[in-house]
Amino acid sequence: MTDTAASGPSSFADFGLHPDILKAVVATGYTIPTPIQAQAIPVVTSGRDVMGAAQTGTGKTAAFTLPILHRLMPLANNSASPARHPVRALILTPTRELADQVADNVKRYSQFTPLRAAVVFGGVDIGPQKEEVRRGCEVLIATPGRLLDHVEQKTINLGQVGMLVLDEADRMLDMGFLPDLERIIRLLPQQRQTLLFSATFSNEIRKLARSYLTQPVEIEVAARNATADTVSQIAYKLSGDAKRAAVVHLVKSRGLKQVIVFSNTKIGTARLARQLERDGVRAESIHGDKTQADRMKALEAFKAGELEVLVATDVAARGLDVAGVPCVINYDLPYNAEDYVHRIGRTGRAGATGEAIALFAPEEERFLLDVEKLIKREIPRGQLDLPASLLASSRGERERPVRSHGARGERGERGERHRYELPAKPVDDFFFRPYVPATGAEPARTEAPPVPPRTSAKRPLAVLLGGGKKD
DNA sequence: AAAAAAC
């Protein structure tokens with residue numbers, strides 16, 4: 001812990017930032033730096049490495065973007081030659097949306113300078129990115145995979161990068177980006193400033209920091225894993241069936257706009273959005289199986305206030321910054337308690353008040369208890385009175401029971417609903433072959449071993465052959 | 001267990 005928090009500058013003008021950058025800050029309407037900005041800006045400006053733990057929505061992006069631009073100003077020139085604009089600062093993010101958003105910020109803060117910024121990420125045509133990069137950029141924002149693609153195609157050279165930012169580093173590790181990160185870092189000069197931001201300081205993160213940071217200044221603004229005080233939290237216990245009705249009721253009865261509803265699965269996300277639309281709620285879904293164009297379209301519509309609800313997987317749990325999201329609903333409780341913190345961090349941002357509502361089925365209560373343990377506070381349980389009309393339609397439309405395979409005994413007494421049940425996907429006919437006991441008398445079968453359900457197709461061969469380790 | 005990310 002550092003104890004410099006209280007004594008930070010009380011105005012952006014106190015940082016000594018280059019006037020052209022300060023001008024953009026003023027134009028954006030910022031006056032008082034947030035705690036992370038107050039702490040990080042002087043340290044980054046001084047050239048030191050930083051290991052920062054900050055709640056999302058605390059102004060983290062500006063906290064590293066502003067001093068980076070400031071430090072690049074002596075290198076800025078108005079030349080039209082791409083050769084005069086090599087990449088000097090590289091910002092890596094785990095998701096495409098976050099990269100895009102950080103790029104928007106960098107472009108805004110550099111609008112009055114000759115500095116140029118570009119962004120590259122996957123899922124979209126690489127051609128325009130090549131063109132943008134070819135024109136030259138001092139600041140490059142990227143997701144790791146597409147960046148390596150560019151490097152291999154020699155459209156991007158990282159040999160002049162003097163500043164590296166790893167944003168949402170814990171998420172990048174979770175997503176298996178470590179090998180990509182290592183490859184990218186090997187392409188950078190040894191002599192550089194490195195900033196690592198992470199929601200948590202896990203052992204893996206500390207190890208990463210030991211490998212790539214030099215005597216970093218540790219900055220931590222909020223107690224780790226704490227939730228913002230400005231977010232009120234409540235949890236409603238509901239059967240799985242009633243959840244959808246609850247979302248409709250909450251949105252309609254209170255006239256909510258711009259609600260993010262989190263679901264655990266891509267399929268569940270898409271299905272819920274469709275059902276909400278049928279119930280007269282303007283809703284779109286965003287998840288990783290959608291094309292990048294659709295993801296952007298949904299996000300834009302949401303930002304523009306055209307949607308009442310954005311139904312999202314955890315693709316949207318971290319980093320997304322939509323001004324003024326008043327309410328986040330956890331339609332499913334996340335398997336990892338930490339994801340709860342990230343999800344509800346979408347509301348109550350930058351000091352605004354927000355509300356986080358959790359809808360949990362009885363069998364999900366243990367996840368709620370995990371969350372309470374992590375955030376070290378109790379989430380009050382509420383009672384939600386749903387109109388009968390909503391509940392009825394919720395039942396009628398149900399094509400198959402949700403979680404009917406749950407191990408709970410009381411499911412039996414509602415057996416009538418099982419008649420609606422149809423498997424979502426065709427089941428491999430292996431499961432329907434008669435069971436043959438493996439007696440000695442049995443003729444030797446030379447049949448290939450059954451292929452497990454298709455999800456295993458991506459597993460290493462060794463696992464398929466039974467040689468893989470299972471832990 | 002699920003999600004994300006290069007083609």
Side-chain angles (χ1 to χ4, degrees), chain A residues 56 91-102 119-130 133 140-156 166-184 187 198-199 260-272 285-292 294-296 298-299 310-320 330-343 346 361 363-364 366-367 370 402-403 405-407 424-425 452-456 458-459 463 470-471:
Chain A
T56 48
I91 302 171
L92 296 175
T93 72
T95 67
R96 299 162 182 173
E97 277 77 10
L98 192 50
D100 206 25
Q101 193 176 279
V102 171
V119 57
V120 301
F121 52 77
V124 294
D125 194 358
I126 200 169
Q129 294 178 355
K130 287 181 176 173
V133 164
L140 181 68
I141 303 97
T143 49
R146 178 57 68 90
L147 175 62
L148 286 168
D149 200 351
H150 278 282
V151 169
E152 277 161 21
Q153 298 192 39
K154 305 231 185 295
T155 49
I156 289 177
L166 304 175
D167 197 12
E168 306 275 353
D170 50 344
R171 179 90 191 271
M172 286 202 267
L173 294 191
D174 286 350
M175 288 166 60
F177 275 139
L178 185 59
D180 283 354
L181 288 185
E182 287 170 336
R183 285 184 62 201
I184 291 166
L187 299 165
S198 175
I260 302 181
V261 176
F262 281 104
S263 164
N264 282 355
T265 64
K266 290 182 278 203
I267 288 175
T269 300
R271 186 171 53 203
L272 179 59
S285 64
I286 183 166
H287 59 76
D289 275 357
K290 283 198 152 191
T291 65
Q292 197 57 32
D294 281 347
R295 281 164 63 165
M296 289 175 178
L299 197 57
L310 182 70
V311 192
T313 59
D314 281 318
V315 69
R318 300 202 196 198
L320 271 203
N330 275 289
Y331 188 82
D332 298 314
L333 281 174
Y335 297 116
N336 296 319
E338 273 183 16
D339 289 334
Y340 175 89
V341 179
H342 295 299
R343 289 178 178 186
R346 296 316 95 216
E363 64 268 27
E364 288 178 291
R366 62 192 176 91
F367 295 125
D370 288 345
V402 172
R403 292 194 188 84
H405 301 292
K425 280 184 256 178
R454 56 147 73 86
T455 51
S456 57
K458 282 184 189 164
R459 280 187 210 153
V463 173
K470 289 180 186 162
D471 35 10

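By convention in this document, chain letters (A, B, ...) are assigned in the order of the sequence lines, proteins followed by strands, and residues within each chain are numbered from 1. Every heavy atom of this structure was used, including side-chain atoms; hydrogens, water molecules and symmetry mates were not.
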Minimum-distance nucleotide to [X] side chain [options: [options]]:
{"X": "R171(A)", "options": "dA4(B), dA3(B), dA6(B)", "answer": "dA4(B)"}
{"X": "T95(A)", "options": "dA6(B), dA2(B), dA5(B)", "answer": "dA5(B)"}
{"X": "Y335(A)", "options": "dA4(B), dA1(B), dA6(B)", "answer": "dA1(B)"}
{"X": "T313(A)", "options": "dA6(B), dA5(B), dA3(B)", "answer": "dA3(B)"}
{"X": "N336(A)", "options": "dA3(B), dA6(B), dA1(B)", "answer": "dA1(B)"}
{"X": "R96(A)", "options": "dA4(B), dA2(B), dA6(B)", "answer": "dA6(B)"}

Please list, chain by chain and in numerical order, all residues satisfying salt bridge (Lys or Arg N to Asp or Glu O under 4.0 Å) with R366(A), sequence neighbours excluded. none
Could you tell me whether a side-chain N or O of [X] sits under 3.5 Å from a main-chain N or O of [Y], the two making a donor and an acceptor?
{"X": "N336(A)", "Y": "E338(A)", "value": "no"}
{"X": "T313(A)", "Y": "K266(A)", "value": "no"}
{"X": "D180(A)", "Y": "P144(A)", "value": "no"}

Would you classify [X] as touching base, sugar-phosphate or nothing, given that sugar-phosphate means primed atoms plus P, OP1 and OP2, and contacts are heavy atoms under 4.0 Å?
{"X": "G176(A)", "value": "nothing"}
{"X": "D180(A)", "value": "nothing"}
{"X": "D314(A)", "value": "nothing"}

Round to a whole Å and report the spacing from [atom1] of [X] to [atom2] of [N].
{"X": "I267(A)", "N": "dA2(B)", "atom1": "CD1", "atom2": "P", "value": "10 Å"}
{"X": "Q292(A)", "N": "dA5(B)", "atom1": "CD", "atom2": "C1'", "value": "10 Å"}
{"X": "R295(A)", "N": "dA4(B)", "atom1": "CZ", "atom2": "C1'", "value": "8 Å"}
{"X": "E97(A)", "N": "dA5(B)", "atom1": "CD", "atom2": "C1'", "value": "11 Å"}
{"X": "R183(A)", "N": "dA6(B)", "atom1": "CZ", "atom2": "C1'", "value": "10 Å"}
{"X": "Y340(A)", "N": "dA1(B)", "atom1": "OH", "atom2": "C1'", "value": "21 Å"}
{"X": "M172(A)", "N": "dA5(B)", "atom1": "CE", "atom2": "P", "value": "13 Å"}
{"X": "I286(A)", "N": "dA4(B)", "atom1": "CD1", "atom2": "C1'", "value": "12 Å"}

Could you list the residues that satisfy ring pair (Phe, Tyr, Trp, His ring centres under 6.0 Å) with F367(A), not counting sequence neighbours? Y335(A)
